[in-house]
Amino acid sequence: MKKIISLLSLIAVIACGVCPAFAADAPAPKLEDRVADLEAYVTNGARQTNAPTALTTSPGPGHNAFQMVSAALVLFMTLPGLALFYGGLVRRKNVLSVLAQCLGITGLVAILWWLCGYSIAFHGGVKPFWGGFGWAFLNGVDSTPNADYGGWVSHNVFSMYQLMFAIITPALIVGAIAERMKFSAILLFVTIWMFVVYFPLAHMVWGIDGLMNGVWNANAKIHAIDFAGGTVVHMSSGWSALILCLILGKRLGFGREPMPPHSMVLCMVGTGMLWVGWYGFNAGSAVAADVVAANAFMTTTMATAVASFTWGMIEYVIKGKPSILGFCSGAVAGLVVITPACGFVTANGAVIIGIIAGAVPFIFCYKVKNWFGYDDALDTFGVHAVGGTIGALLTGVLARKAANPNLSTNLKDYVTDSALQPLVWEQLKAIGLTLCLAIVGTTVIAFIVKAVIGLRVSEEVETVGLDLSEHGEEGYHSEGAI
Amino acid sequence: MKKIISLLSLIAVIACGVCPAFAADAPAPKLEDRVADLEAYVTNGARQTNAPTALTTSPGPGHNAFQMVSAALVLFMTLPGLALFYGGLVRRKNVLSVLAQCLGITGLVAILWWLCGYSIAFHGGVKPFWGGFGWAFLNGVDSTPNADYGGWVSHNVFSMYQLMFAIITPALIVGAIAERMKFSAILLFVTIWMFVVYFPLAHMVWGIDGLMNGVWNANAKIHAIDFAGGTVVHMSSGWSALILCLILGKRLGFGREPMPPHSMVLCMVGTGMLWVGWYGFNAGSAVAADVVAANAFMTTTMATAVASFTWGMIEYVIKGKPSILGFCSGAVAGLVVITPACGFVTANGAVIIGIIAGAVPFIFCYKVKNWFGYDDALDTFGVHAVGGTIGALLTGVLARKAANPNLSTNLKDYVTDSALQPLVWEQLKAIGLTLCLAIVGTTVIAFIVKAVIGLRVSEEVETVGLDLSEHGEEGYHSEGAI
Amino acid sequence: MKKIISLLSLIAVIACGVCPAFAADAPAPKLEDRVADLEAYVTNGARQTNAPTALTTSPGPGHNAFQMVSAALVLFMTLPGLALFYGGLVRRKNVLSVLAQCLGITGLVAILWWLCGYSIAFHGGVKPFWGGFGWAFLNGVDSTPNADYGGWVSHNVFSMYQLMFAIITPALIVGAIAERMKFSAILLFVTIWMFVVYFPLAHMVWGIDGLMNGVWNANAKIHAIDFAGGTVVHMSSGWSALILCLILGKRLGFGREPMPPHSMVLCMVGTGMLWVGWYGFNAGSAVAADVVAANAFMTTTMATAVASFTWGMIEYVIKGKPSILGFCSGAVAGLVVITPACGFVTANGAVIIGIIAGAVPFIFCYKVKNWFGYDDALDTFGVHAVGGTIGALLTGVLARKAANPNLSTNLKDYVTDSALQPLVWEQLKAIGLTLCLAIVGTTVIAFIVKAVIGLRVSEEVETVGLDLSEHGEEGYHSEGAI
Amino acid sequence: MKKIEAIIKPFKLEEVKDALSEIGVEGMTITEVKGFGRQKGHTEIYRGSEYTVDFLPKIKVEAVVADGRLDAAVAAIVKAAKTGKIGDGKVFVSKIDEAVRIRTEEKGEQAV
Amino acid sequence: MKKIEAIIKPFKLEEVKDALSEIGVEGMTITEVKGFGRQKGHTEIYRGSEYTVDFLPKIKVEAVVADGRLDAAVAAIVKAAKTGKIGDGKVFVSKIDEAVRIRTEEKGEQAV
Amino acid sequence: MKKIEAIIKPFKLEEVKDALSEIGVEGMTITEVKGFGRQKGHTEIYRGSEYTVDFLPKIKVEAVVADGRLDAAVAAIVKAAKTGKIGDGKVFVSKIDEAVRIRTEEKGEQAV
Ligand SMILES: Nc1ncnc2c1ncn2[C@@H]1O[C@H](COP(=O)(O)OP(=O)(O)O)[C@@H](O)[C@H]1O
Ligand SMILES: Nc1ncnc2c1ncn2[C@@H]1O[C@H](COP(=O)(O)OP(=O)(O)O)[C@@H](O)[C@H]1O
Ligand SMILES: Nc1ncnc2c1ncn2[C@@H]1O[C@H](COP(=O)(O)OP(=O)(O)O)[C@@H](O)[C@H]1O
């Protein structure tokens, strides 16, 4: 890595029309070098290494601004986006429990992140699947950019940006186990799960020396790519959700009693917020407001819109009635599937992804779920696991050099711009590994939690509703006592 | 991250034929030129043309970041902003239909945009009212800026930004025909309407060689100005809405049965989101985070706040009760009226616009509508058509060189900083042309759709509510089956 | 687009008298100077003063973009954030009144701001507690940056950003007097309050020559610091709220009738929006996307998450049921307490603040309020006054040079990086002064308003609900007339 | 006195109310109810999980009237509420032993 | 047994409930209803389209009591619900032939 | 004819409905009500201000049946609604003098 950097910056400097004899220790930086750094900021390139300039330790305003806004947008996805999307889909008596789970997870994960989560996930130089404790308590994580993750974005901003990912991932699991899992059990489960599944996976995929970081780690064992978290976020949460809901069992009266969403309006509001926030999630993953982010913005928009429309139209044809939930599910599915691909595919690739994203998860939510009869309450598996898996695969198929210059370096032999390029095989390896980690990890953790404090609320609590029993509040009150 | 982009962008430059002068052996650009390009980025100016530099094909981070965020904000206006604003105003049994219409239009228009919509609207060099198919399937629309529309913003970002405008415009029409129009009819109507009215109009007003693009097209037939879409977005949708609701006819029981908004709370939430998102709409229309955007931000804020307060106070005086709907309507009216003007007027101009925006649409919604008795369900005409028209006119009256340097070039003879400057007359021409196009276009399309699949749902469907009949869902469910 | 701006800005430079040295025939600025200005932009530093360059009067895109987005985010905190947070906590019959109060205050304050509010608060050179009328009607407040408040942010953007603060502050007061105060009385009270309390306080704390502006004003009488408004926003509103609710008296049936929140869902949605918007409030207060903003972003995130979790867990331990309102209140408390500190403390400092923020306001809302029995309907005092006061104090204790370079200039003798550094004492002075101003000011104004038009609605109005009686609307309608 | 309980279609409420007022019935109490009967409900499908809503929204109108007024009132309701379509609803009549107007404590027929 | 149906103003519910409990009526059922009577409703205007709400929110309290308790219960309700202002509501009494407590299948007076 | 009013636990509605349909009761009207009785409510605390909800959500099922059907119907309801836990609810029976089907103006037993 390091030698690549120096090499590249050397070339860059030369290319920039500056052919200086490398002055060992010049007192003041030469104008050429100062201009080179300024240009590096604009193009999100590497700084020159001849002499330190005013920019050497400074973040770049445009990129820093974009990253902070992106981080805020990703938080917006969880609070209140996801909370509403899920909250609207449960029954009235359980709406608050979903909100509480999202809020509780947010606080919990933030604390773990500060303790050592960020360090385990992103600190380099320890193991390809474990970052160690070098940045525990966010020590040394200040406003100076860390070139490994964003040459022009403050390191602390990057860490907060990644925290938002760490928050929404376990929050997604909530969808599968809604309306019946103990609040305490969720907190305990998530705590262990973050250490066993999320932090290691994040390190493998995004850590600078990560096992599966194909783009930046030349020595990666698996040369896979995942732009914004198809494996780390959606597959991990989705597959874990399936396992957990199987171990947890069905909701009382599942299949017998009707369990309609108590507010499709909230659900749709949440969808809109998810979509908007997802731009921070996808484009923001470029860690710069550069050409890559721009491409991710376009592909995210196209894939999502197409998937939403596709799902709706399939319903129109099959049921004669395009449902709001259909349009919303399609949009979310589109966002999920494009997530790993957004920074690597073209607009047309995005449209293809959109069509597939609107069709395949549809089948899982409408048919597969009923065949097998598992109670994936809010379709976390059907949308996130299935979507994330397809996405990881399609990324392998549709990644193109034209869409992202970074595919022409470490991966030039894997991305050959053809449907069956070697990258596909690498992606399959990554999918397999992620799948195993999520499934095995969750199974073990779930049984541990079950043994220690139990997973499920009592029948009575479930009948009365989690809001009153677990949180002592009701979602809605009309006038007076009644 | 992306450490090697600077190098790559150079390679790109070398590779691409755009600059044969800069062959592999071409001399490196002079420092002066490199600095000039850097300055051009900061001031959102034009790049120097002596020699290509690292910045020649690069977007500028600050501007690019602002544009991506602005695009997300404009999407936020529709999903969930407008959906809630309208959804709250309809009856409970129709709330989902409004959401479905917004979602359906979003998907549909995005696909049309990708097909050829963007190309027709913005590709230059074909006709002053039709951009042709040069950019069909977004071919050639990549992350490199297109100087015609934003010298420092990625072209694909600009196209997605404009897509959000193309989405919200037909969505605005929904307000006038709510609670009674067939979902299928809406989709068909919008499809045709985009080609007949929106794409051509957008090209005429914003296309680099557009018929009415007074600011940038020196050869424009009509030297009109429209900063963020008073004619293209609000007049076109508003007037089309009026025609469509006339052809469609009134809702069953209109005038007899009460049809109160089912949730003023949702309506207000939508208003807040519209306001916030509108900053992306107005300031973002500068296609740069520059002095023009800054001015637009200020004028948008002042006009909206003043209009909201004015409308509320008028009600206070007249009815003795300032209503939430009043404050909300005033805010939206203010946003609509300032839209074409925001980049061209001063703070004081904005205040004047705010007062007028709070008063005139008020009269239309409270009095005119009742005189004529048309059923503009959610006042799309009263607010958007009326507001857009006033706005276009006031822009002519209040545009000042001091507010925007770009008024001192092609338009220097039209903007004389006086109330009756020649620009007013040009604006009237633009208003007339827009009006005709919208009215004639909509009339024809409406009758075609009526003939092909019919416009209106059956009486029974209308009585039961569109949610159940057209989408098979209900907006809200309480516990159990009941 | 804007091809000619660079040219124009140069013309502007030539035109403007600020630089006589640079006459029409002056030599072009030296390359060194041009590069220095470019570097100053990236590092948010001061421009060189040898010779005017293209950047001399230009805002910096990255910083300007960040400021505009931040301003929009702060507006989002009020509309709809705070409106929902408060609106959800009141009874169904009063929800609209809260929304109307937020909307009304927004319009009113914006107009005052334009008239002379901004000038009184931020114009320098008059008095340490009063800015005078130099910028009345926003005259002279254009897109050129004002170095006193943001060297690279357009002055008009800064003024709009600050307007959003001026809007939310009085809106916070609404929480304490909800469900019983006359709409007219609120408008009148706020009008006077802005002139007596807010504008002067803002000037004292943030005005370039402000009495308590320790960071930037070397001659400040009180060398206190308040990054984003612990004293100006939260203490002033919180303490005023307490006084006002005492003078106003309790709600009818307070203590007897149950007054549960009518929608905890809305309350939580509002909380999420507040949190997201608060990044604009805190990080945005750096008036640049620089290292300080980055640090503020991190501390805000940590403190809020920790406080939310702490409050929830305290409830878990004490009541056995962590409530949604608990998590939400904790988050808001965390945001309030970190507000004055965010730009001055480290990540670990933020965590400490988070724990205290989750515990102390909890005690005030659960115990103190009941002991004294005042009817602080939605806990504006318990959260904002208490939180703001603790925050101001903790800022003194935890401010560290490492966190913010600006603490090493005017304040180097006050910030000694120890818990009992001299700064603490300065903070106490600032707290005392703010407290007096808020309490005395509010008392006087309240009695004036009471005498002139009366503060409180009639018993009947209160029983029926403010929505119908004061605004003639109902929050929610089900089908038909019933 | 007699109590009339009418289960009607929601959108007929206004007409029924007017009809009753016309014949001088000044008071009534309305309740939102759900009805189950011959008129069949509908099916909703949410992401594949389908279920039927058998209960349709109806309005229950209760009016206590003096015996003399009974027939006129019933006739008025039936006339106003009728669409001829299935699901129009029912009118039930039962006996009321006593009525009190809380405000005045008047009893019997003058209370209603 | 007798059934007491009282239509009262919503904010009087707590008091009525307490009054009944005091005299030993342990059970009752409450319904949110809308009332139409002498007390007139209000007008709402939404962007010019004005309409009147004739129906005011009321609470219906139903309690089935043993004949012996009837008068005491009615008196208690009237006392508690009274404000003297128009719209206080009504109390209606009718006969109940049979009552069953589902849990125990007890019948008659011991069921209530 | 007789009117059966049953106050049941909400989640028992489906079963009660089916039970009645089985024995041929084709029509019924459902109301969301709140109940007060032996089964005690719960307490909610919002930021320290605590209050008790005495009223529990219940469902009221009203069915008018021919005298002959009465006992079967009551038995069916009791059987279906019973959990044995406190709060199961009550069944009340009263007399209906007349019934009219609005659609057809049929009167008496064939109307129900
Ligand atoms: N036996 C009954 N007891 C109580 N309510 C009934 C009874 N039969 C019908 N209803 C009410 O009348 C409504 C209409 O009855 P239904 O059989 O659907 O149509 P119709 O009135 O035309 O026969 C039902 O939805 C229900 O609310
Ligand atoms: N004849 C009636 N039958 C049923 N309910 C009635 C009748 N008359 C009045 N009510 C109910 O009593 C409420 C109060 O009656 P109203 O005439 O408004 O005042 P008052 O009870 O003081 O005469 C009404 O809103 C309505 O709900
Ligand atoms: N006397 C009564 N009159 C009307 N409704 C009653 C009466 N007693 C009980 N109820 C209703 O029956 C419900 C159940 O009664 P409760 O005493 O709680 O349990 P149980 O039915 O097991 O005795 C109550 O919530 C209330 O709605």
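Note on naming: letters A, B, ... go to the chains in the order of the sequence lines (proteins, then strands), and numbering restarts at 1 for each one.
- By the 6.0 Å contact criterion, CD on E:Q110 is enclosed, its count of non-hydrogen atoms from other residues, nucleotides or ligands being greater than 12.
- At least one side-chain heavy atom of C:L468 sits less than 4.5 Å from a side-chain heavy atom of E:E44.
- For the atom pair C:E257 CD and E:E15 CD, the distance stands at 8.5 Å (nearest 0.5 Å).
- At most 12 heavy atoms of other shown residues, nucleotides or ligands fall within 6.0 angstrom of atom NZ in C:K250.
- Few gaps surround NZ on E:K40; more than 12 heavy atoms of other groups in view lie less than 6.0 Å from it.
- With a 4.5 Å cut-off on side-chain heavy atoms, C:V464 and E:H42 do not count as touching.
- From E:Y46, atom OH reaches atom CD of C:E473 across 5.0 Å, with rounding to the nearest 0.5 Å.
- Note that the CD1 atom of E:I45 and the NE2 atom of C:H471 stand 14.5 Å from one another [nearest 0.5 Å].
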